[in-house]
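Here's the structure, in structure tokens; my notes come after.
All values below come from the heavy atoms of this structure, side chains included, with hydrogens, waters and symmetry mates left out. Source: prediction; values computed, not measured.
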Amino acid sequence: MPPCARRELAYRAVTYPAGQASHCGRSVRALPLITPIALPCMQAAVLDPLAPTPRGTWSGRGVRVTRRHGPHRPHTDAATMCAPRFCVQRHGRTVIVEHDLTPEEICDELTVMLAESGTLRGRAEFEMVFTGIVRSTIDGALPAWLRFYRNSLDQLESDRAPFAPIHARAASQVRGHHVIDLGSCFGFFPLRLAQQRIEVLATDLSLQTMQLLDRVSTRLQRPLSTLACDATAVPLPDRTADTVTALHLIEHLPVDAAEAALDEAVRLARRRVVIAVPFEDELGDCYGHVQQFDRPSLELMAQRACGRHRGITARIHTFHGGWLILDR
């Protein structure tokens with residue numbers, strides 16, 4: 001179950017049969033003609049976020065997460081690392097995490113806490129610990145994820161989350177009533193648009209994430225469609241949506257894949273493409289960033305995009321990072 005701090009492209013682009021995928025239903029998955037190949041630099045943890053688990057615990061692939069009760073007890077062994085709200089013990093290939101987070105604290109900011117703690121190794125371990133904390137804090141699979149979504153949306157939509165101004169600015173840049181969001185992950189931005197009665201398609205490489213979003217959106221009364229696909233090869237016709245968005249996606253992609261995703265966004269958009277990236281002094285590798293952007297690099301990307309696509313104009317501005325707006 002990939003947290004939103006993770007938006008890497010975990011597979012090579014795949015080829016889809018033309019005209020055989022549609023997003024008219026609640027949830028759609030296109031079947032590739034060739035098998036996706038895992039990139040060597042990536043690790044994939046395919047998790048079922050709704051799998052049953054005992055109360056207060058979660059286990060999967062060598063990781064066990066438990067919610068502790070009572071005060072923290074200091075650990076003296078060298079195999080244990082303690083962060084303010086959780087401890088990580090390693091016994092061979094087994095990772096044991098003990099935390100004291102409460103239901104009120106389960107939200108998307110958990111990704112920042114885990115990423116910056118320095119206690120976890122690799123994306124797969126990160127994803128499993130994240131899932132384990134959510135599931136071990138609240139009883140029941142769907143209730144746990146609903147609480148996570150409600151807490152996260154409340155912070156984002158009340159301007160209390162760091163990403164809140166980015167979502168608000170992106171929403172203000174949308175044109176028309178049909179939107180495709182690339183690299184949606186948990187889908188907080190598509191859920192925001194759905195609340196505004198915009199017809200939105202959330203896309204992500206992870207089928208499990210899209211299935212969870214599909215179930216949660218219904219219960220939140222924010223209807224949207226979902227599609228599990230590669231951002232560089234979306235199996236939909238040209239100019240399917242008025243606006244295509246990609247928020248903090250392309251910094252997770254190598255240069256060639258980032259340009260392919262941008263080209264795909266242009267192909268899918270009738271009117272506008274909205275790209276947002278962070279501006280960083282140092283590469284944010286703890287978040288899986290493989291590209292570092294500033295205004296000159298974003299301007300170069302805009303020039304190259306305009307060179308590849310006739311009839312589009314580019315506009316760049318700065319607001320909590322960089323923005324590239326492409327219009328037809």
Side-chain angles (χ1 to χ4, degrees), residues 7 9 13 16 18 23 163-185 187-190 192-194 196-204 224-225 227 229-280 289-328:
R7 300 199 182 193
L9 184 68
Y16 297 90
H23 69 283
F163 222 79
I166 297 171
H167 279 190
R169 174 60 62 93
S172 74
Q173 297 299 312
V174 166
R175 297 295 179 267
H177 297 284
H178 297 83
V179 174
I180 295 175
D181 183 57
L182 301 179
S184 301
C185 197
F188 298 126
F189 182 64
R192 182 190 192 106
L193 296 183
Q196 299 173 6
R197 300 185 181 279
I198 292 174
E199 183 177 325
V200 57
L201 171 67
T203 73
D204 196 86
L224 50 73
S225 298
L227 174 63
C229 67
D230 188 322
T232 69
V234 180
L236 294 171
D238 295 355
R239 305 196 181 192
T240 295
D242 296 312
T243 299
V244 177
T245 56
L247 309 183
H248 286 224
L249 167 66
I250 62 174
E251 67 272 15
H252 295 269
L253 308 180
V255 173
D256 289 349
E259 291 197 345
L262 181 57
D263 290 344
E264 192 71 342
V266 172
R267 181 185 71 81
L268 293 166
R270 287 190 289 266
R271 298 175 60 181
R272 173 168 285 189
V273 173
V274 178
I275 305 290
V277 296
F279 282 169
E280 300 174 300
H289 296 177
V290 298
Q291 284 199 74
Q292 187 176 342
F293 284 94
D294 53 20
R295 190 177 182 99
S297 62
L298 201 58
E299 289 174 347
L300 178 60
M301 176 173 280
Q303 291 172 6
R304 295 173 69 171
C306 290
R308 293 193 303 272
H309 302 279
R310 293 182 179 180
I312 66 170
T313 60
R315 177 166 51 89
I316 291 172
H317 67 272
T318 301
F319 179 79
H320 292 267
W323 295 78
L324 170 58
I325 311 296
L326 300 174
D327 288 310
R328 290 192 186 277

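Looking at residues two or more places apart in sequence or on another chain, you find a salt bridge (Lys or Arg N to Asp or Glu O under 4.0 Å) between Glu264 and Arg267. Residues satisfying the salt bridge (Lys or Arg N to Asp or Glu O under 4.0 Å) test with Arg270, not counting sequence neighbours, are Asp242. Under the rule for a salt bridge (Lys or Arg N to Asp or Glu O under 4.0 Å), Arg328 has no partner lying at least two apart in sequence or in another chain. Arg272 meets the salt bridge (Lys or Arg N to Asp or Glu O under 4.0 Å) test with Asp327; sequence neighbours excluded. Not counting sequence neighbours, the partners of Gln292 by the side-chain contact (heavy atoms from CB on, under 4.5 Å) test are Glu280, Leu283. Among residues two or more places apart in sequence or in another chain, the side-chain hydrogen bond (donor to acceptor under 3.5 Å, both in side chains) test is passed with Thr245 by Asp181. Take Arg308 and apply the side-chain contact (heavy atoms from CB on, under 4.5 Å) test, not counting sequence neighbours, and it matches Glu259, Leu262, Asp263, Arg304, Ala305.
The shortest heavy-atom contact between Ala265 and Leu182 is CB-CD1, 4.0 Å. Smallest separation of non-hydrogen atoms from Ser172 and Arg175: O-NH1, 3.1 Å. In terms of heavy-atom proximity, Ser184 sits nearest to Asp204 at N-OD1, 3.7 Å. Of all the heavy atoms in Phe189 and Ala171, the pair that sits closest is CE1-N, 3.6 Å. Smallest separation of non-hydrogen atoms from Ala241 and Ile180: CB-CG1, 3.6 Å. Considering all non-hydrogen atoms of both residues, Val290 and Pro254 come closest at CG2-N, 3.6 Å.
We find the NE2-CD1 distance between His289 and Ile250 to be 11.0 Å, quoted to the nearest 0.5 Å. Here the NE2-CD1 distance, from His248 to Ile275, works out to 11.0 Å after rounding to the nearest 0.5 Å. With rounding to the nearest 0.5 angstrom, the CG atom of Leu253 is 8.0 Å from the CD atom of Glu251. Atom CG of Leu326 is separated from atom SG of Cys306 by 6.0 Å, given to the nearest 0.5 angstrom.
Annotation: Asp238, atom CG; neighbour count of heavy atoms from other residues, nucleotides and ligands within 6.0 Å is above 12.
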If you look only at distance, which donor and acceptor atoms sit under 3.5 Å apart when one is on a side chain in residues 295-302 and the other is two or more places apart or in another chain?
unit_1, atom_1, unit_2, atom_2, d
Arg295, NE, Glu299, OE2, 3.2
Arg295, NH1, Thr318, OG1, 3.4
Arg295, NH2, Ile316, O, 3.3
Ser297, OG, Asp294, N, 2.9
Ser297, OG, Asp294, O, 2.9
Ser297, OG, Asp294, OD1, 3.0

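Residue pairs meeting the ring-ring contact (aromatic ring centres under 6.0 Å, His included) criterion with at least one member in residues 293-320, sequence neighbours excluded, are His317-Trp323.
Under the 4.5 Å side-chain criterion, counting only non-hydrogen atoms from C-beta, Leu201 is in contact with Leu236. Between Glu199 and His178 there is a side-chain heavy-atom pair separated by less than 4.5 Å.
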Go through it in stages, so that I can follow the logic: the residues are His167 and Leu247, the test is side-chain contact (heavy atoms from CB on, under 4.5 Å), and I'd like the CA-CA distance, side-chain angles, deciding distance and then a yes or no.
CA-CA 8 Å; His167 279 190; Leu247 309 183; 4.1 Å; yes
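A donor-acceptor pair is defined here as one N or O able to donate and one able to accept, closer than 3.5 Å; no such pair exists between the side chain of Thr203 and the backbone of Leu227.
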